[in-house]
Number of protein chains: 2
Amino acid sequence: MSLPADNTALAAILNRHLTSLCREEGLSPETIAAGLERGSMVLLGNPAHGAAPVLIGQPARVKVNANIGTSPLCNSAESERQKLAAALEAGTDTVMDLSIAGDLKAIRRSILAACPRPVGTVPLYALARRCADAGKDPARIEPEEIFEEVERQAEQGVDFMTVHCGLTERGAARADEQGARKLGIVSRGGSLLARWMKARKKENPFLEGYDRILDIARRHNVVLSLGDGLRPGAGADAGDEAQWEEVVMLGRLARQGLAADVQCMVEGPGHVPLHLVRAQIESIKTVCHGAPLYVLGPLAADTCPGHDHIAGAIGGALAVWSGADFLCCLTPAEHLTLPDQEDVRAGVMASRLAAQAGEIALGRPAALRREQAMAEARKNLDWEGMRRAALDPAAVLARRAPHAHEEACAMCGDFCAVKMLRPQGTPWLFSLD
Amino acid sequence: MSLPADNTALAAILNRHLTSLCREEGLSPETIAAGLERGSMVLLGNPAHGAAPVLIGQPARVKVNANIGTSPLCNSAESERQKLAAALEAGTDTVMDLSIAGDLKAIRRSILAACPRPVGTVPLYALARRCADAGKDPARIEPEEIFEEVERQAEQGVDFMTVHCGLTERGAARADEQGARKLGIVSRGGSLLARWMKARKKENPFLEGYDRILDIARRHNVVLSLGDGLRPGAGADAGDEAQWEEVVMLGRLARQGLAADVQCMVEGPGHVPLHLVRAQIESIKTVCHGAPLYVLGPLAADTCPGHDHIAGAIGGALAVWSGADFLCCLTPAEHLTLPDQEDVRAGVMASRLAAQAGEIALGRPAALRREQAMAEARKNLDWEGMRRAALDPAAVLARRAPHAHEEACAMCGDFCAVKMLRPQGTPWLFSLD
């Protein structure tokens, strides 16, 4: 089988895990190899981390990522441990450490050690934090520091990294232009780099140094997640010039990565009204040569902070049905504060539900089997079967517990529609036979 | 202006409230009158209740209903009071009392007294409860009791009633047929009537007596909500013979209602996979002559009990974008137990978010104005503006409270993307000018 030829780390990991991957995904070795070869799939797995690798790219199962990490105002190692545990327990496929406060290297080390699934980061945050701690403007970051940081994190075992290589001076200027956008640049990495370019009047150092980043990524089988620094931060900005300027660039970079035997994903919007979701997803995948698409939401409305996991699940379900491969969770805390463990749990469940809804619409066999198991269990009032078929078995148990001795649920009781039509119903019903 | 001619109760209520309705909905008197005349809009408002009337049917704002009510296993007047208060505080447009345990007439009276918005019921539940309390099978309900109960509730002030008139012997048999459905009949009203028909070998008494029901509804301006007793209870059953048998009947009944100067809505699915939602909504509205469509969810997946408010919001957003007019909330308790006040609150917020997402996609001016206000407030880090634009201002306040003195949110702190590109940023940034 032919594979990205010079990526020996990928070849080794694939060789070791191919059988289990084929079984988990219900795909043949040839389908997986062909997907990796043409770049429509990526396999997350840095040998230095040693997590079980995760395959991203349809027709593999759509995957879900949970963001954790510190902020200057909520910086607690204990809370990060709890969030990681909550994300894993809720069934996340990967975790991103988006910490921007504290000893970032140590936090990353402890997350990598505790997380049996692939871990992603945004190396720019570590560079900017170092500046902030020294009272320096992030515009003072030197390009050489970028490569050092990327290499350091690759050596630590980071499995995938968001690098905002597609953000150009031209794109940033268009987003920042008077009257162009309702909400300018909302990506933290995007705004940091836009600031750097504006202050130094130079092109994006991640773009200029892309070859060197590719070289590091290949040696460690780090999957590059080509960041969308210009993603729309308001539904009204979705699909504007600035966004497409960057998307087109991401497509070029994905092709360049593939040619250099480096695995690349593309990051996508953002805030996108429902009627634009399919057009965006299909267009981004086309211009990016089918590279796996990693979407944040998209949020189908801007106006429900406190419930953004739902706004994201609405857009996310439609995005999966339209071809998105990887959902980044939004939590109820989005736009307001740092999530806690309950928020992370709610976010992972909402994203898994969105993925399931999208995969049902796509007719994916594993998703349909799960639905069928639930319908059968409901027909038989088989509560253990419902628990097993549920995406969140713990929620079924918890809700059911106070009335676990009853055959029907506590909503309907003796009005249970299922029992009503059984030949032998509840005590107050005569036999229908 | 021409109106359903013989419905004097409707004429009186419209006459009194037309100016405020036009203002609230941003519609002209002619648009409202024409919608009511051709049956594409209904105005909920039984004079005996005296609630402010609510207009349903696009292009009026999409409305949201919250279900409350007792069950045999969770029967507490205090809990019902709390759920009603939670639903109103969360911004529901209407409330349905689906009580099936306790003194139903007294519960209904207290809900009508406490609820300033239209109240709906399912009169069949009261009839079935009376049977159950007497140890009698609901197949013993006599048709005459049905009309008495409908009249009694109309006199009490109930503004809209679900009547399962479209369920035929043929439809019930098709749903119940060996091998036809994964999950049979899941509507409580539908299963009660299917049992009645099966036991007595007679046609549905609600259908046979439709003229008498219309007569009562007209005298009290009760809006009939033509129930979908055969709605799919599993995504795999969506769009089957049994469902369409009933939908076609609902269309005939809606037309008959309109001819008799009675306002009718049509109830819709249920569990529907995403790829079928648009086809279902558009087809149901077509065959039902554009009568307002009142949908439960639809749930985009069966397998996330504990999070069914999200499964319903995904389908609901798509349904609104496809033409649905009225969303019945699902709560996190659905399929598991009776909701409590927190569940009701979560359900109303999820449905309001789904309606907003759908209305954005439809380009409705009021929905877009709200989005624009949020984007502007975010651009200015104007937290009071965000609170005002939010569908759930209380959630914004609660999440923001611990860090209310900070300009940026507690997720990003000094990495705030908005502040990063201001000429004068945070202390560690130099001036970009």
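Below, read A as the first sequence line, B as the second, and so on, with proteins coming before strands; counting in each chain starts at 1. Just so it is clear, the structure is predicted and the values come from calculations on it, not from any experiment. Keep in mind that the numbers below use all heavy atoms, side chains included, and drop hydrogens, waters and symmetry copies.
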> Between D414(B) and R188(A), is there a side-chain N and carboxylate O pair less than 4.0 Å apart?
Replying inline: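 Answer for the salt bridge query: no.
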>> Less than 4.0 angstrom from a charged side-chain N to a carboxylate O is my criterion; do R399(B) and D343(A) meet it?
In response: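 Answer for the salt bridge query: yes.
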> Can you tell me how far the NE2 atom of H271(A) sits from the CD1 atom of I360(B), to the nearest 0.5 Å?
Replying inline: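 Between atom NE2 of H271(A) and atom CD1 of I360(B) there are 11.0 Å.
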>> As an exercise, state the distance from CE of M386(B) to CG of D302(A), rounded to the nearest 0.5 Å.
In response: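 CG of D302(A) is found 12.0 Å from CE of M386(B).
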Heavy-atom cut-off 4.5 Å, strictly under: side chain, backbone, both or neither for [X] against chain A?
| X | value |
| --- | --- |
| R140(B) | side chain |
| E371(B) | both |
| H307(B) | both |
| A361(B) | both |
| E359(B) | neither |
| L318(B) | both |
| P393(B) | neither |
| A236(B) | neither |

>> So does A390(B) get a backbone contact from the side chain of T303(A), meaning a donor-acceptor N/O pair under 3.5 Å?
In response: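 A pair under 3.5 Å: no.
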> If you look at every heavy atom in A417(B) and I185(A), which pair is closest and at what distance?
Replying inline: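 Of all heavy-atom pairs spanning A417(B) and I185(A), the closest is CB-O, 3.7 Å.
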Answer yes or no: is there a side-chain heavy-atom contact under 4.5 Å between [X] and [Y]?
| X | Y | result |
| --- | --- | --- |
| P305(A) | M374(B) | yes |
| K379(B) | K182(A) | no |
| C74(B) | M411(A) | no |
| L421(A) | S191(B) | yes |

> Checking heavy atoms, do the side chain of P332(A), its backbone, both or neither come under 4.5 Å from chain B?
Replying inline: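 Both parts, backbone and side chain.
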> Does any heavy atom of chain B fall under 4.5 Å from the side chain of R400(A), the backbone, both, or neither of them?
Replying inline: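 No part of it gets close to chain B.
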